[in-house]
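Chain letters run A, B, ... following the sequence lines, proteins first and then strands; every chain starts at 1. Keep in mind that the numbers below use all heavy atoms, side chains included, and drop hydrogens, waters and symmetry copies. Quick caveat, the model's predicted, so the values are computed rather than measured.
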Protein chains: 2
Amino acid sequence: MVNVGKPAGGRSGRPRAGEERLSRQTILDAALRIVDDEGLEAMTMRRLAATLGVNPMSIYHHLPNKAAVFAGLAELVFADLNNTSRAEATTSRKAGREVPVRRSAGRSPGASTPTRSGGDRWQDELMNAAHAYRNALRAHPNLALQVLADAAAVSEVVVLTVEPFYRALDRAGLTPRQIFEAVNTLIDFIHGFSLGEASVRADTFELAPDLLERVSKLQPGQAPTLTRIVEELGADGLHYEFDDGFETGLSLFVAGIGARFGR
Amino acid sequence: MVNVGKPAGGRSGRPRAGEERLSRQTILDAALRIVDDEGLEAMTMRRLAATLGVNPMSIYHHLPNKAAVFAGLAELVFADLNNTSRAEATTSRKAGREVPVRRSAGRSPGASTPTRSGGDRWQDELMNAAHAYRNALRAHPNLALQVLADAAAVSEVVVLTVEPFYRALDRAGLTPRQIFEAVNTLIDFIHGFSLGEASVRADTFELAPDLLERVSKLQPGQAPTLTRIVEELGADGLHYEFDDGFETGLSLFVAGIGARFGR
DNA sequence: ACCTGAACACCGTTCAAGT
DNA sequence: ACCTGAACACCGTTCAAGT
């Protein structure tokens, strides 16, 4: 199965230049590919070396250990997010490697919100930030758990990530303290949501989508309210869509800001 | 360091009866102790066997593999939660093993909410459910990630866990669909929050508590709004307490329910 | 039924050596 | 500077054998 060949076939999308050298970037690209295709635990140092057509120890010359590889992958995810959300900003282009701009499904693809009057601009801005964040985590389901557990390790790039949230809520007129608290809460929600979503996509089940089946297996009287509510909902009502769930959560949150902070 | 002795000293709190036999329960207890004391990755099958004073292979007679051990641990966490939140319910007591009732720090330890009039009962009920859930995850920080990633594997016991949330929101008068959506959102928030909290307690940093230091290292103009807001807050304003953060999140959520669903 | 010993097919990482 | 081979100290798990 595993092709431990000579100097690695040109598997990745990148065109191999005449010079084929090992670098932090090529290593991380290969690692990401393994994680995406075969899951977290398939990503071993030896396997990584094999797909690069290189001795396992060569990797240690560019990254100090396996943890650093995973930290590097987490960083990639956030970097992707930052580059995606301000595709137009006047940034001095980083050397090499353009990050492909992924577009969220539901929204208009062109310029940001076409001239609309109304006063609900900050809500849209906040929604956009939230969707971009979710999409970045969703792009690599197998990596999500690692990213969320390791967000710490990625300092700068993670901090940049919250700027759009701050901007939206600043525009909404909240106080600094309110902004700080609201952003923390919203990001916690997105993390929890994405964790559930990633679990389902990876392989297993999750609470929301499976509730009906599980409740039916309960002994009578173990969870009376839950049982009754689920029955009232019926099979149709329980059909779960992650997209809807995310939207609902966001709108609940926006409504909360309005009510608590008088917006 | 590791004491690989004869038939295992009486390390666990349980009194060793004359008969010292291996069982699913003793294995899981030992595993939980290793995870709590030394972290997830210290919990290897061989290490577990050593602390039980037993051959590694003996374990496989009671649990099919390592994944099953972790699933069992996740189940313990949720079982703990269920037993804690209805300490008084008339349940036929399960054979053996009483789960110690952990009490949350901030609240009055006695009977639930002493006779209070007012119409805000459901809010308190919801808060209590949320705190109990958070506390269960907080009781074993090293396990939190595993639990959240694996909640799926633990079917029945996880389902029971949401009953208090359903009861509170049913009392609030929401429709079944609204309850379903609100509970999903709230639990996602708690998961995300607990993930962050567990990461900090385990070893690393996290966004909220560390924001100030990190923002100061940003290049000028990289995140203008964030930078300005953080400066306005100042060092004092940014001091982060998880307890406050959780309370804020909950109240934002409760306010959202009020505003969206007219309660 | 429950436990064991030896073995298999892996790991991450150190270290001394090659070019 | 960058890469390698051999080795060390581990893993999870299978399998045939013991009582």
Side-chain angles (χ1 to χ4, degrees), chain A residues 1-8 16-32 34-35 38-74 142 146 149-150 153 203, chain B residues 1-8 16-32 34-35 38-74 142 146 149-150 153 203:
Chain A
M1 271 302 183
V2 183
N3 67 326
V4 187
K6 284 300 175 63
R16 54 265 166 91
E19 193 90 19
E20 187 107 355
R21 208 60 168 298
L22 211 52
S23 75
R24 197 187 119 99
Q25 201 52 249
T26 55
I27 293 172
L28 290 181
D29 285 346
L32 184 57
I34 294 175
V35 171
E38 305 173 45
L40 260 192
E41 58 205 45
M43 217 307 290
T44 70
M45 294 302 267
R46 292 171 120 109
R47 172 90 169 70
L48 178 56
T51 75
L52 287 164
V54 112
N55 185 287
M57 293 311 104
S58 305
I59 296 170
Y60 286 83
H61 225 270
H62 301 89
L63 289 148
N65 51 38
K66 195 187 180 183
V69 174
F70 280 125
L73 292 183
N142 294 336
Q146 176 64 37
D150 215 38
D203 53 346
Chain B
M1 271 301 185
V2 185
N3 66 327
V4 187
K6 285 299 174 62
R16 52 266 166 91
E19 193 91 19
E20 187 107 358
R21 208 62 169 298
L22 212 51
S23 75
R24 197 188 120 99
Q25 199 53 249
T26 55
I27 293 172
L28 290 180
D29 285 346
L32 184 56
I34 294 175
V35 171
E38 306 174 45
L40 260 192
E41 56 205 47
M43 218 307 289
T44 69
M45 295 301 266
R46 293 172 119 109
R47 172 90 168 71
L48 178 54
T51 77
L52 287 164
V54 110
N55 185 287
M57 293 312 105
S58 305
I59 297 171
Y60 286 83
H61 225 270
H62 301 90
L63 290 149
N65 51 39
K66 195 186 180 185
V69 174
F70 279 125
L73 292 183
N142 294 335
Q146 176 64 37
D150 216 37
D203 54 344

Handout entry: G-U wobble or Watson-Crick pairing nucleotide for C:dT13 (cut-off 3.5 Å, both distances)
Key =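 Partner of C:dT13: D:dA7.
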Round to a whole Å and report the spacing from [atom1] of [X] to [atom2] of [N].
X	N	atom1	atom2	value
B:E41	D:dC10	CD	P	15 Å
B:N55	C:dA7	CG	C1'	13 Å
A:I59	C:dG12	CD1	C1'	11 Å
A:M57	D:dA1	CE	P	20 Å
B:N65	D:dC15	CG	P	14 Å
A:L63	D:dC2	CG	P	13 Å
B:H61	D:dC15	NE2	P	14 Å
A:K66	D:dC11	NZ	P	14 Å

Exercise for the section: Examine C:dA1: is either OP1 or OP2 under 4.0 Å from a nitrogen or oxygen in the side chain of B:H62? Give yes or no. Expected result: no
Problem - Side chain of B:V54 - closest among C:dT4, D:dA7, D:dT13 - result: C:dT4
Practice task
Taking only the side-chain heavy atoms of B:Y60 (C-beta and beyond), determine which of C:dG12, D:dT13, D:dT4 contains the nearest atom.
Solution key: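 The nucleotide sitting nearest to the side chain is D:dT13.
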Problem - Side-chain touch A:Q146/A:L73, heavy atoms, less than 4.5 angstrom - result: no
Practice task
With the side chain counted from C-beta on, respond yes when B:M45 and B:V69 share a heavy-atom pair under 4.5 Å apart, and no when they do not.
Solution key: yes
Practice task
Can you measure from CZ (A:R46) to OG1 (A:T51) and round to the nearest 0.5 angstrom?
Solution key: 14.5 Å
Practice task
Identify whether any heavy atom of B:S58 sits under 4.0 Å from a base atom; if not, whether one sits that close to sugar-phosphate; answer base, sugar-phosphate or nothing.
Solution key: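 If one applies the 4.0 Å heavy-atom cut-off, B:S58 turns out to touch a base.
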Exercise for the section: Scan A:M45 against the nucleic acid and name what it touches under 4.0 Å (heavy atoms): base, sugar-phosphate only, or nothing. Expected result: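 Sugar-phosphate, backbone atoms only, no base.
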Handout entry: Closest approach of B:L52 to B:T26 (non-hydrogen atoms, all atoms of both residues)
Key = CD2-O, 4.1 Å
Handout entry: Donor-acceptor contact below 3.5 Å, side chain A:H62 vs main chain A:L22
Key = yes
